[in-house]
Enquirer: 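Structure below; questions to follow.
Every value quoted in this text rests on a predicted model; they were computed, and no experiment measured them.
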Amino acid sequence: MEEALQRAEELMQAWTAELARDLPAGAEIFDAHVHLGHDIDGFRGDYDELERIQARFGISRAFMFCLDEPDRHPGFRAANDRTLEFAARSNGRLIPFVRLDLTEEPVEEATRCLDRGARGIKLHPRAQRFMLNDERLAPIFELAADRRVPILIHGGRGLPPIADHLARLVERYPEAQLIIAHAGIADLAALAERFGGKAGVFFDTSVWSPVDLLDSYHQFSPEQVLYASDYPYGQQPSSLLIALRAAKVAGFDDSQLRLMLAGSANRIADGEPPLPLSPPRGRATFEQPMALARVHQYLSMATPLLWTRQPDTIGVLGLALNACDERNGRVEEFEQIKELLLTARELWRALPEIEDERDRIAVGRTTFRLIHLADILAVTPSA
């Protein structure tokens with residue numbers, strides 16, 4: 001296993017170097033979605049680790065907020081105070097958002113934190129168990145509009161349809177800029193119908209599947225897209241690679257890549273109005289060589305097994321590796337994918353033998369990072 005871990009680190013370094021070559025020359029990077037703190041699910045966003053990651057990958061600024069903390073009651077007050085302390089420690093690099101619970105004086109807590117330097121509001125309807133037609137949201141949007149601060153709202157898994165209710169809030173409070181996290185995959189079709197081409201509404205790129213990003217890119221203006229990692233859930237270099245490679249497949253030019261990577265988020269952070277919107281890029285259809293489609297299918301099957309800490313009893317990595325042996329002229333891509341998956345398979349097989357829980361989590365995350373990189377390559381071979 002030690003050899004596999006060493007090989008995994010070498011592969012991460014190699015893909016970090018590849019990422020540096022793919023970025024537009026001198027591009028600034030602004031991460032629109034990071035967490036610091038301790039989540040009740042066991043994940044931890046560590047300040048020092050985040051600082052090292054951002055320094056390594058040239059990330060200059062980030063919107064930052066707490067996780068669903070064990071001490072979140074009452075009203076995330078203690079966690080929000082830590083968020084403000086992290087922001088002060090970063091000397092402006094981390095831009096603090098106040099996280100709210102609608103059941104515990106949300107307007108008062110938002111006002112308290114905004115008065116102390118918070119510059120945005122974070123809402124999580126799945127974690128805090130509220131619907132988007134909740135009447136308690138209106139005064140929060142009103143406060144954001146009055147203070148001219150953005151609202152970032154969870155738009156990923158675990159939600160009912162959200163577009164119609166969000167649209168009513170945006171129409172009522174247009175001065176409140178809205179960032180819908182995770183590319184809005186919870187209700188992508190309806191969100192695209194409501195907000196595609198609407199200035200002041202943005203979608204961040206923190207998703208697992210590059211297919212989700214390709215679908216969102218062809219429905220939203222490039223000026224509406226914000227790069228985001230969702231640290232500590234999203235990891236590098238895959239977080240940047242998925243956003244960048246999918247955008248290149250969709251046809252973003254260098255100026256649009258720069259807007260996605262930092263330009264639009266900088267405008268939000270600096271209180272500037274949104275830019276005029278250009279048409280979406282990409283296509284409504286997705287074409288892929290058959291063998292790479294098989295790889296993507298098997299790796300999509302592998303992901304929930306890893307997330308739920310199950311062994312690969314189905315043998316999905318073996319099936320993906322078998323698909324890489326197809327002779328279709330894409331030798332380099334398949335060799336890159338095989339290298340990642342062979343190392344991932346070795347680590348996955350070793351997971352049951354690891355006794356220390358923290359070590360098992362770390363090795364599991366490394367395994368997933370390798371599989372995620374392989375899937376990004378399978379979906380975006382033309383990037």
Side-chain angles (χ1 to χ4, degrees), residues 1-16 18-19 43 157 207-214 230 232-242 245-246 249 286 288-383:
M1 188 180 69
E2 292 301 322
E3 291 181 3
L5 285 171
Q6 177 61 35
R7 182 60 188 144
E9 178 57 31
E10 292 170 358
L11 287 167
M12 293 301 168
Q13 292 177 5
W15 282 103
T16 297
E18 181 67 24
L19 168 66
F43 270 80
R157 64 181 180 86
V207 299
W208 173 79
S209 173
V211 176
D212 283 332
L213 280 187
L214 289 172
D230 194 22
Y233 298 96
Q235 296 287 309
Q236 301 295 1
S238 55
S239 173
L240 276 162
L241 278 168
I242 188 174
R245 289 178 67 96
V249 170
F286 172 52
Q288 186 182 33
M290 191 63 73
L292 289 173
R294 291 181 61 214
V295 171
H296 170 63
Q297 174 190 1
Y298 296 134
L299 299 186
S300 296
M301 295 168 64
T303 298
L305 294 175
L306 266 176
W307 284 353
T308 54
R309 301 188 182 189
Q310 298 181 59
D312 184 11
T313 53
I314 302 172
V316 288
L317 290 194
L319 292 170
L321 284 163
N322 175 275
C324 291
D325 290 333
E326 184 172 313
R327 297 292 179 259
N328 64 0
R330 294 185 174 273
V331 176
E332 182 178 4
E333 288 98 328
F334 281 125
E335 287 303 313
Q336 292 171 333
I337 291 169
K338 285 179 68 174
E339 195 172 30
L340 291 161
L341 294 184
L342 286 169
T343 307
R345 185 169 65 175
E346 192 169 346
L347 291 175
W348 199 348
R349 287 172 172 172
L351 279 173
E353 303 170 9
I354 303 173
E355 295 182 359
D356 184 85
E357 174 70 6
R358 288 184 295 181
D359 289 344
R360 188 160 55 247
I361 290 172
V363 174
R365 295 204 76 191
T366 298
T367 306
F368 171 70
R369 291 171 71 192
L370 295 166
I371 290 173
H372 192 200
L373 278 170
D375 189 60
I376 295 167
L377 299 182
V379 174
T380 62
S382 60

Enquirer: So L306 and R365, do their side chains get closer than 4.5 Å, heavy atoms only?
Expert: no
Enquirer: Set out, in order, the CA-CA distance, both residues' side-chain angles and the distance that settles side-chain contact (heavy atoms from CB on, under 4.5 Å) for V379 and F286, then state yes or no.
Expert: CA-CA 9 Å; V379 174; F286 172 52; 3.6 Å; yes
Enquirer: Using atom types as modelled and distance alone, determine if a side-chain donor or acceptor of T303 lies under 3.5 Å from a backbone N or O of L299.
Expert: yes
Enquirer: How far apart are the closest heavy atoms of R360 and E355, and which atoms are they?
Expert: NH1-O, 3.5 Å
Enquirer: What's the shortest heavy-atom distance between I371 and A344, and which atoms?
Expert: CG1-CB, 3.8 Å
Enquirer: From L213 CG over to W208 CH2, what is the distance, rounded to the nearest 0.5 angstrom?
Expert: 11.5 Å
Enquirer: To the closest 0.5 Å, what do you measure between CG (L341) and CG (N322)?
Expert: 12.0 Å
Enquirer: Quick one: which residue pairs count as a side chain to side chain donor-acceptor pair (under 3.5 Å) with a foot in residues 374-383, not counting sequence neighbours?
Expert: R245-T380, H296-D375
Enquirer: Looking at D312 and R349, is any side-chain nitrogen of the basic one under 4.0 Å from a carboxylate oxygen of the acidic one?
Expert: no
Enquirer: Would you kindly say whether E2 and Q6 are connected by a side-chain donor-acceptor distance under 3.5 Å?
Expert: no
Enquirer: Applying salt bridge (Lys or Arg N to Asp or Glu O under 4.0 Å), name anything that partners R309, two or more places apart in sequence or on another chain.
Expert: E357
Enquirer: State, yes or no, whether a side-chain contact exists between L373 and L11 at a heavy-atom distance under 4.5 Å.
Expert: no
Enquirer: Would you call I337 and L340 a side-chain contact if the rule is heavy atoms closer than 4.5 Å?
Expert: no
Enquirer: Write down the atom of P381, the atom of R330, and the distance for their closest heavy-atom approach.
Expert: CB-NH1, 3.7 Å
Enquirer: Within the 4.5 Å heavy-atom criterion, are Q297 and L319 side-chain neighbours or not?
Expert: no
Enquirer: Taking all non-hydrogen atoms of both residues, which atom of T343 and which atom of A8 are closest, and how far apart?
Expert: CG2-N, 3.9 Å
Enquirer: Between K338 and D325, is there a side-chain heavy-atom distance shorter than 4.5 Å?
Expert: yes
Enquirer: Would you say the side-chain atoms of D356 pair up with the backbone N or O of D359, donor to acceptor, closer than 3.5 Å?
Expert: yes
Enquirer: Tell me, do F368 and Q235 make a side-chain contact under 4.5 Å, heavy atoms counted?
Expert: no
Enquirer: Determine the minimum heavy-atom distance between A302 and W348, stating which atoms define it.
Expert: O-CH2, 3.8 Å
Enquirer: Would you give the length of the straight line joining atom OG1 of T16 to atom CG of L241, rounded to the nearest 0.5 angstrom?
Expert: 8.0 Å
Enquirer: Using every non-hydrogen atom in the two residues, find where L214 and A246 come nearest and quote the distance to one decimal.
Expert: CD2-O, 3.4 Å
Enquirer: Quick check: do L305 and T313 have side-chain heavy atoms less than 4.5 Å from each other?
Expert: no
Enquirer: Do E333 and L377 come close enough that some side-chain heavy atom pair is under 4.5 Å?
Expert: no
Enquirer: For Q236, is there any backbone N or O sitting under 3.5 Å from a side-chain donor or acceptor partner on W15?
Expert: no
